[in-house]
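Step one of this worksheet: look at the structure below.
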Protein chains: 2
Amino acid sequence: MSIEDKFDALFKALGHRARRQILDLIKDGPKTTGSLCDALPDLDRCTVMQHLSVLESAGLVVAERRGRERWNHLDALPIHDVQKRWIGPYAAHAVAVLDGLQALAAPEAPALEAADKSDD
Amino acid sequence: MSIEDKFDALFKALGHRARRQILDLIKDGPKTTGSLCDALPDLDRCTVMQHLSVLESAGLVVAERRGRERWNHLDALPIHDVQKRWIGPYAAHAVAVLDGLQALAAPEAPALEAADKSDD
DNA sequence: TTGACATGTTATAATTTTATAACATGATTG
DNA sequence: CAATCATGTTATAAAATTATAACATGTCAA
């Protein structure tokens with residue numbers, strides 16, 4: 001799986017509100033699939049499980065089997081990667097544009113604070 | 001359109017590599033639709049236009065018509081919002097877990113640097 | 001061990017997304 | 001003005017996603 005496949009999977013996983021809700025539900029600690037279903041009464045149990053498997057494929061959820069329960073843990077590391085490559089640089093671009101520094105707002109490089117470093 | 005609709009659209013827009021490529025292509029300045037098509041030879045022109053309209057719906061691209069050309073500008077502000085609500089807090093969660101501070105790694109609040117502030 | 005329980009699996013319908021094709025519009029240019 | 005060019009529109013096929021249903025598996029507890 002290429003790095004772009006990984007980012008595809010990640011953004012797609014984050015692209016459904018139910019899945020983001022699930023992440024919020026497990027951010028303070030793991031939850032069982034059953035308790036997640038209870039917290040999402042609008043969704044069928046199967047649908048919740050499908051969303052969990054999407055999150056798991058994206059590496060955002062790690063499942064731990066304990067007896068007949070499945071405890072779903074958050075792993076936010078992939079989000080750290082996406083922040084580093086995409087969200088961070090583009091968010092900086094937005095701030096730079098607001099500050100009227102549009103010309104040097106190139107998302108790829110952290111060009112804002114490093115403007116004094118003149119080698120390239 | 002609710003805030004969750006907005007985040008849905010945003011993450012979905014970022015969830016296709018061709019669209020992320022387009023963002024990278026216009027990050028240093030606007031480009032015409034034609035030059036974007038040239039830069040993405042694997043994609044049909046109609047497909048590129050569909051991707052552009054997805055990006056436009058998500059608020060990431062603003063089109064400016066000049067004569068018979070369409071100049072596609074990046075607007076990274078929505079990415080700043082997504083960073084603030086989702087990516088930033090969860091990336092902080094990942095770092096906190098790596099630092100062994102898992103117990104207080106609650107993505108919603110910036111609980112890491114503010115650990116000395118004891119009111120809640 | 002039997003029955004309830006939590007979860008998993010397979011199949012399928014409905015919807016959305018992605019990629020093209022065919023045709024249309026308005027602008028530039030010779 | 002006619003031809004070309006850049007883009008827009010509508011329709012459609014293929015693929016992926018989302019939501020359910022029906023059935024299966026393994027676990028716990030009386």
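Here is the naming used below: chain letters follow the sequence lines, and residue numbers restart at 1 for every chain.
Using cut-offs of 30° and 60° for the angle between ring planes, the B/Tyr90 and B/Trp86 rings count as parallel.
Alongside A/Leu77, the hydrophobic cluster contains B/Leu98 (criterion: ILVMFWY side chains under 4.5 Å).
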Report all side-chain donor-acceptor pairs from residues 59-68 of chain A shorter than 3.5 Å, counting only partners two or more places apart or in another chain.
| residue | atom | partner | partner atom | Å |
| --- | --- | --- | --- | --- |
| A/Glu64 | OE1 | A/His73 | NE2 | 2.7 |
| A/Glu64 | OE2 | A/Arg66 | NH1 | 3.0 |
| A/Arg65 | NE | A/Gly67 | O | 3.3 |

Side-chain donor-acceptor pairs under 3.5 Å in residues 35-44 of chain A, sequence neighbours left out?
| residue | atom | partner | partner atom | Å |
| --- | --- | --- | --- | --- |
| A/Ser35 | OG | A/Thr32 | O | 3.1 |
| A/Asp44 | OD2 | A/Cys46 | N | 2.9 |

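The ring-ring contact (aromatic ring centres under 6.0 Å, His included) pairs that include a residue from residues 27-49 of chain A number zero, where partners must be two or more places apart or lie in different chains. Applying the ring-ring contact (aromatic ring centres under 6.0 Å, His included) rule to pairs touching residues 13-67 of chain A yields A/His16-A/His51, sequence neighbours excluded. Evaluation of the ring-ring contact (aromatic ring centres under 6.0 Å, His included) test over residues 26-50 of chain B, restricted to residues two or more places apart or in two chains, returns none.
Applying a 4.0 Å cut-off to non-hydrogen atoms, the residues of residues 35-62 of chain A that approach DNA chain C are A/Arg45, A/Cys46, A/Met49, listed by residue number. Using a 4.0 Å cutoff on non-hydrogen atoms, no part of residues 5-16 of chain A comes near DNA chain C.
Taking every nucleotide of DNA chain C with any atom under 4.0 Å from a non-hydrogen atom of chain B, the first and last of them, 5' to 3', are C/dT18 to C/dT28.
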Short N/O separations, protein against nucleotides 28-30 of chain D, under 3.5 angstrom:
none

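For the pair A/Lys31 (side chain) and A/Leu25 (backbone), a donor-acceptor distance under 3.5 Å is present.
The side-chain contact (heavy atoms from CB on, under 4.5 Å) test applied to B/Gln83 returns A/Gln83, A/Ile87, A/Ala91, not counting sequence neighbours. The ring pair (Phe, Tyr, Trp, His ring centres under 6.0 Å) check on B/His80 picks up nothing, with sequence neighbours excluded.
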